[in-house]
A.B. asks: 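Right, I'll just put the structure down here and ask away after.
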Number of protein chains: 2
Amino acid sequence: MARKKETITIYDVAREAGVSMATVSRVVNGNPNVKPVTRKKVLDTIRRMGYRPNAVARGLASKKTTTVGVVIPDISNAFFAELTRGIEDIATMYHYNIILCNSDLKKEKELQLTEALLEKQVDGLLFLGGEVTEEHREVFSGSHVPIVLAATQDQREERPSVITDQVGSAQEATEVLIREGHERIGFLGGPLTDPIIGYPRYQGYRQALEEAGRALDESQIRLGNYRYDSGYELAMELLKGDAAPTALFGVNDEMAVGAIHAVQDLGKRVPEDVSVIGFDNVPLATQVRPLLSTVAVPMYDIGAVAMRLLTKYMNDETVEQNQVVLQNQLQLRDSTRLQEAE
Amino acid sequence: MARKKETITIYDVAREAGVSMATVSRVVNGNPNVKPVTRKKVLDTIRRMGYRPNAVARGLASKKTTTVGVVIPDISNAFFAELTRGIEDIATMYHYNIILCNSDLKKEKELQLTEALLEKQVDGLLFLGGEVTEEHREVFSGSHVPIVLAATQDQREERPSVITDQVGSAQEATEVLIREGHERIGFLGGPLTDPIIGYPRYQGYRQALEEAGRALDESQIRLGNYRYDSGYELAMELLKGDAAPTALFGVNDEMAVGAIHAVQDLGKRVPEDVSVIGFDNVPLATQVRPLLSTVAVPMYDIGAVAMRLLTKYMNDETVEQNQVVLQNQLQLRDSTRLQEAE
DNA sequence: CTGTTAGCGCTTTCAC
DNA sequence: GTGAAAGCGCTAACAG
């Protein structure tokens, strides 16, 4: 049985087994250059002594920690939780562990966390969700470990990243509403200062109207914080106004579902009276009545692909494509009248 | 500016600043025994050279990694995501980072992950959600780092843990339904072999009926997998049966909301025709119509308190109470007719 | 196939 | 207040 008092080291095992440290190290690391008999002997004493290799020492000596850092806005957000699952699954597959840090999208926190992660000698870093500023670039470039961006990108395009086409998908979503023939299409958005979600999705909405030859009606636009309550209240405002919209585009599902309930609480029906479409396709989208039409974002895949990409960099594999764009998929369900995409 | 080619070490800084490694180490660690002038000089060259302390080397020398391991069933599950947020916030507050691992509640994975985390020399470990078996105890005891359980406990009660009273709360929830005067109260549960959620919540249901002098009607019991779809389908089954229940207790909110929709899809109303109560109080509970009555579990707090408890152990503080029980709170909303607790 | 020997970069006595 | 030196536990040449 394992004694716990003083930690037992590779040296102890070597002595006990009557071999050198190097040999023990070899069997621990699966190096084939060890005679089977020796290997067995070592393995036995390892088990007998309850030896547990010290990964920190190993990390110092080998300059590899088999750990990657993940900077994420907020793990309690369904979108990022799912994305993180994708990251972790692939990380596990390649025998990496992940150090998870919530940034709340605060620049200072992002920088400080990145710095801390780099100090911990992570073999790679996944940076999610925030805007990449000049300061970020500085911190990033102060390190030689590979860094890949997920669900965000450097506007100056010099970092590997995996993203989806937000503008295009937001435009498609809006087009569905336009094709349904609505006069007034309300927009429930996020801060326009948010270059990752808020702005691009707004841009898609605008572009759709524009291409349809419609004027942008400022009074149909409401900006919130991506949360259910915000969607509910903003939709209420719009719906109670003089020129109530008959269709609503929520830039994420939470806001869209809030909008559905606002419509319903006003005694109207979705989609008969008001059509609603969302974005993301989080579980909530199919846990509401009517089922929410939305843009399905491959959250899990974004995480998985980003992590996979990172492993390639960490292994110095050649990567053919460092900026991968995953496809979103329009998912028309019951909160819109149109049931099929063009 | 920081050059990135060869890593710059504490030794380089010392040489450049014309002091010894020890001094640099002191200023980096905020040791007060350094003359202000010297400190400034060192700080300057650190900044100038772009020196970044190597936490791995530090960890090896000091035997502290300021990192804690977290073994969790599934981060993409809203319950655990929120709990993890509590953990991470407190960890950050105490300057720890967390290594996050998903176990999917698989014993083998739990053991293997715990082992890996221990090898990485985490200063402490948070173990969430799974059953603690003899094998777990063995792995746990093979280490001297503090381990605290969150949202689970060792039946043999020898580990620090933070939990809530599941049986009692499940009983309370069921009692609400009983007080509403329902003849048949359906139960939508999880596997009874799950000692953490499935069984205790079932036990609470049973106990409530028992204390009310009611016989347990097996035909009103359906076991699923905690998911929305499972709740929906199982409720459908029950509702379409000969002896359709007029009240449903879902052991978690997802199942309960699934049940609400089953009722609605059958053309009936909640709570007029069928009352529904859930458990957990995840965001979904307030993102559905009618608002779901449920048992509010302090998810964030469970994580936060567990992490706080762990820090105490890591700092060798004396802890007065190592088994903390947090309170759940009955949250009656619109899916039940009763609007106030006893 | 196996052992020897340097470090990896930092903390930590122990002197001065 | 500061420096010298001995490790922390392991990997990685390099011999043999």
A.B. asks: As a test of understanding, state which of A:Arg48, A:Lys41, A:Lys40 forms a salt bridge (Lys or Arg N to Asp or Glu O under 4.0 Å) with A:Asp44.
C.D. replies: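 Output: one option passes, namely A:Lys40.
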A.B. asks: For a 4.0 angstrom threshold against heavy atoms of chain A, report the outermost contacting nucleotides of DNA chain C in 5' to 3' order.
C.D. replies: C:dC1 to C:dG9
A.B. asks: Minimum heavy-atom separation for B:Leu117 to B:Gly69, with atom names?
C.D. replies: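 Taking every non-hydrogen atom into account, CG-CA, 3.8 Å.
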A.B. asks: Can you give me the closest heavy-atom contact between A:Gln323 and A:Arg159, atom names plus distance?
C.D. replies: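 Smallest heavy-atom distance, with atoms named: OE1-O, 2.6 Å.
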A.B. asks: Please list residues of residues 115-125 of chain A whose heavy atoms come under 4.0 Å from any atom in DNA chain C, ordered by number; otherwise none.
C.D. replies: none
A.B. asks: Restricting to non-hydrogen atoms, name the atom on B:Tyr51 and the atom on B:Ile8 that form the minimum distance, rounded to 0.1 Å.
C.D. replies: CD1-O, 3.5 Å
A.B. asks: How would you summarise protein contacts on nucleotides 6-16 of chain D per nucleotide, using B for base, S for sugar-phosphate only and - for none, with heavy-atom distances below 4.0 Å?
C.D. replies: -BBBBBBB---
A.B. asks: Indicate yes or no: does B:Glu115 engage B:Lys120 in a salt bridge with an N to O separation below 4.0 Å.
C.D. replies: no
A.B. asks: Taking all non-hydrogen atoms of both residues, which atom of B:Pro53 and which atom of B:Val28 are closest, and how far apart?
C.D. replies: CG-CG1, 4.1 Å
A.B. asks: For B:Ile72 versus B:Leu100, what's the shortest heavy-atom pair and its separation?
C.D. replies: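 Nearest heavy atoms, B:Ile72 then B:Leu100: CG2-CD2, 4.1 Å.
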A.B. asks: Quick one: is B:Thr23 getting a side-chain N or O under 4.0 Å of the D:dG1 phosphate, OP1 or OP2?
C.D. replies: no
A.B. asks: Are B:Lys312 and B:Glu320 side-chain neighbours, meaning at least one heavy-atom pair lies under 4.5 Å?
C.D. replies: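 Counting from C-beta outward, B:Lys312 and B:Glu320 do come under 4.5 Å.
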A.B. asks: With distance as the sole criterion, is a donor-acceptor pair present between the side chains of A:Thr65 and A:Asp123 under 3.5 Å?
C.D. replies: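 A:Thr65 vs A:Asp123: donor-acceptor pair found between side chains.
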A.B. asks: How many angstroms lie between atom CD of B:Glu138 and atom NE2 of B:His136, to the nearest 0.5 angstrom?
C.D. replies: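 Reported to 0.5 Å precision, the distance equals 12.0 Å.
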